[in-house]
There are 2 protein chains.
Amino acid sequence: MHGYHRRENDRLQDQAGTLVDLLHSDTSYPPGSVVLEAGCGVGAQTVTLAQRSPDARFTSFDVSADSVAQAKRTTDAAGIANVQFQQADIFALPFAPESFDHVFICFVLEHLSRPAEALTILNQLLRPGGTMTVIEGDHGSTYFHPDSSAARMAIQCLVELQRLAGGNALIGRQLYPLMVEAGLEAIHVSPRMVYVDSSRPDLVDGFTRKTFTAMIEGVRESAIEAGIIDREAFDAGVRDLHRTAETDGVFCYTFFKGVGEKHKS
Amino acid sequence: MHGYHRRENDRLQDQAGTLVDLLHSDTSYPPGSVVLEAGCGVGAQTVTLAQRSPDARFTSFDVSADSVAQAKRTTDAAGIANVQFQQADIFALPFAPESFDHVFICFVLEHLSRPAEALTILNQLLRPGGTMTVIEGDHGSTYFHPDSSAARMAIQCLVELQRLAGGNALIGRQLYPLMVEAGLEAIHVSPRMVYVDSSRPDLVDGFTRKTFTAMIEGVRESAIEAGIIDREAFDAGVRDLHRTAETDGVFCYTFFKGVGEKHKS
């Protein structure tokens with residue numbers, strides 16, 4: 001398990017490194033704003049967020065105390081001083097209503113069985129007129145050339161594992177209705193598509209290989225143990241994913257970013 | 001058959017109307033350029049092309065004389081005078097090598113069994129340093145909320161019919177390798193994703209309902225006659241596609257646009 005988590009952490013760090021502009025370049029908060037980052041994990045997004053808004057004050061929490069400790073080490077190492085961390089459960093938060101100007105939540109809803117309820121709780125923490133920013137991927141947005149049913153089956157393992165764990169790996173496409181359900185207003189959702197062909201070698205390596213395919217490879221043992229797939233079929237799928245990183249290959253994946261506003265009461 | 005074609009034509013016209021900015025806003029040709037439009041069909045793109053480059057001279061051809069006649073009526077009605085039409089087969093073209101500054105081809109390769117060969121032929125018609133612009137959809141890029149296996153099966157009917165007719169409905173993702181194979185240089189492919197939620201009612205109606213779902217509905221009889229699907233399953237799929245156009249629905253589809261250059265010899 002530790003090996004898996006280590007790999008997962010590296011992947012998230014790599015992911016934030018290569019996707020940072022695509023996902024975050026239009027997020028910055030004014031000086032003095034008080035911002036809540038929900039589900040900061042090991043701080044992959046926290047570093048970017050805090051560096052892009054050096055005069056905003058962040059509170060970042062995660063349900064895992066280990067992750068919070070790691071996030072603090074990561075931001076300390078980066079010389080970041082405008083973030084305070086704490087361990088907390090999104091469904092039992094210790095914060096006062098309307099105590100934040102902005103909320104940011106990235107790659108968290110996919111893990112929750114009640115994502116709309118989580119957003120509703122976070123909305124209550126926003127001051128009137130404050131904003132909420134939500135980012136999620138959608139594994140069902142994945143397609144590639146050469147097409148391969150084996151590769152699609154390997155990806156489906158991750159979707160199925162996420163479902164068995166109570167989450168939803170296809171949640172990106174649902175941001176708009178989820179944010180409506182949470183009571184947000186003036187919602188704008190924009191897709192952030194990662195398109196990779198061999199004219200973009202940084203993305204071939206940084207996204208197709210080291211982010212997406214590495215993520216699928218990371219669930220190999222879990223998928224086989226859960227009886228979702230056999231070893232040979234899984235490995236064939238991973239080989240075909242690597243095949244899409246060759247010179248004539250193409251890989252497509254889409255993240256979704258939604259921004260909504262708390263009702264100005 | 002005539003009813004089907006009529007509907008298909010209306011759909012293509014609607015499509016060009018609602019997608020025109022997404023697909024064409026970055027295509028315009030300098031005064032005096034000589035441009036070949038390959039596979040103009042009924043002129044859905046011709047009107048846009050010619051209006052955006054009023055001082056370029058277009059030659060637009062299609063394999064169907066009926067389509068060419070319709071395209072001419074359409075451009076005449078729009079008062080367009082910088083296009084000449086002719087009937088021609090892309091694999092037996094009457095034009096001299098290197099006689100065009102630019103080539104434009106949109107929604108054509110999906111119908112061809114030898115798309116790279118077609119691009120190679122068109123590349124020979126370009127002068128050195130001239131550009132080729134290629135636009136295609138990709139039906140495998142379609143996903144939506146609520147997800148529905150019935151809707152995915154109905155879409156798969158169109159993919160299968162296209163395949164049986166010698167074409168490829170998943171060709172959008174392949175533009176980059178196809179253009180490389182045709183000998184083009186400095187190739188840049190960009191995805192053009194249509195993201196539709198109920199905050200964009202024009203797209204809900206103009207794209208989800210009247211373009212994509214109408215296109216699927218248009219192959220109902222062909223798909224049933226070909227034995228790909230039964231009536232009930234197809235109709236369930238179409239109902240679920242319409243369901244994605246409701247208030248909490250989301251619909252995603254991606255076109256691909258590639259621009260490449262003829263080798264400056």
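Values below: every heavy atom of this structure, side chains too, minus hydrogens, waters and symmetry copies.
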*Asks:* Go through the atoms of B:Leu178 and report whether side chain, backbone, both or neither lie under 4.5 Å from a heavy atom of chain A.
*Replies:*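 Neither part, no heavy atoms under 4.5 Å.
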
*Asks:* Quick one: does A:His188's side chain get under 4.5 Å of B:Arg200's, heavy atoms only?
*Replies:* yes

*Asks:* Examine whether an atom of A:Val180 lies under 4.5 Å from a heavy atom of chain B, and if so say whether it belongs to the side chain, the backbone or both; otherwise answer neither.
*Replies:* neither

*Asks:* Is B:Arg173 reaching over with its side chain to a backbone N or O of A:Phe144, donor-acceptor style, under 3.5 angstrom?
*Replies:*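 The answer is yes, because a donor-acceptor pair under 3.5 Å joins these two groups.
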
*Asks:* What is the minimum heavy-atom distance between B:Pro177 and A:Val250, and which atoms define it?
*Replies:*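 So the minimum-distance heavy-atom pair works out to CD-CG2, 3.8 Å.
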
*Asks:* Is there a side-chain contact between B:Thr254 and A:Tyr143, using heavy atoms and a 4.5 Å cut-off?
*Replies:* yes

*Asks:* Sort A:Ser198 into side chain, backbone, both or neither according to what part of it lies under 4.5 angstrom from a heavy atom of chain B.
*Replies:*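 Both backbone and side chain of A:Ser198 come within 4.5 Å of chain B.
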
*Asks:* Distance from B:Ile171 atom CD1 to A:His145 atom NE2, nearest 0.5 Å?
*Replies:*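 It is 9.5 Å, given to the nearest 0.5 Å.
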
*Asks:* Minimum heavy-atom separation for B:Thr247 and A:Tyr176, please, with both atom names.
*Replies:* O-CE2, 4.3 Å

*Asks:* Quick check for you: among B:Ser199, B:Cys252, B:Gly249, B:Ser190, which has the greatest number of heavy-atom pairs under 4.5 Å with chain A?
*Replies:*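 Among B:Ser199, B:Cys252, B:Gly249, B:Ser190, the one with the most close pairs to chain A is B:Ser199.
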
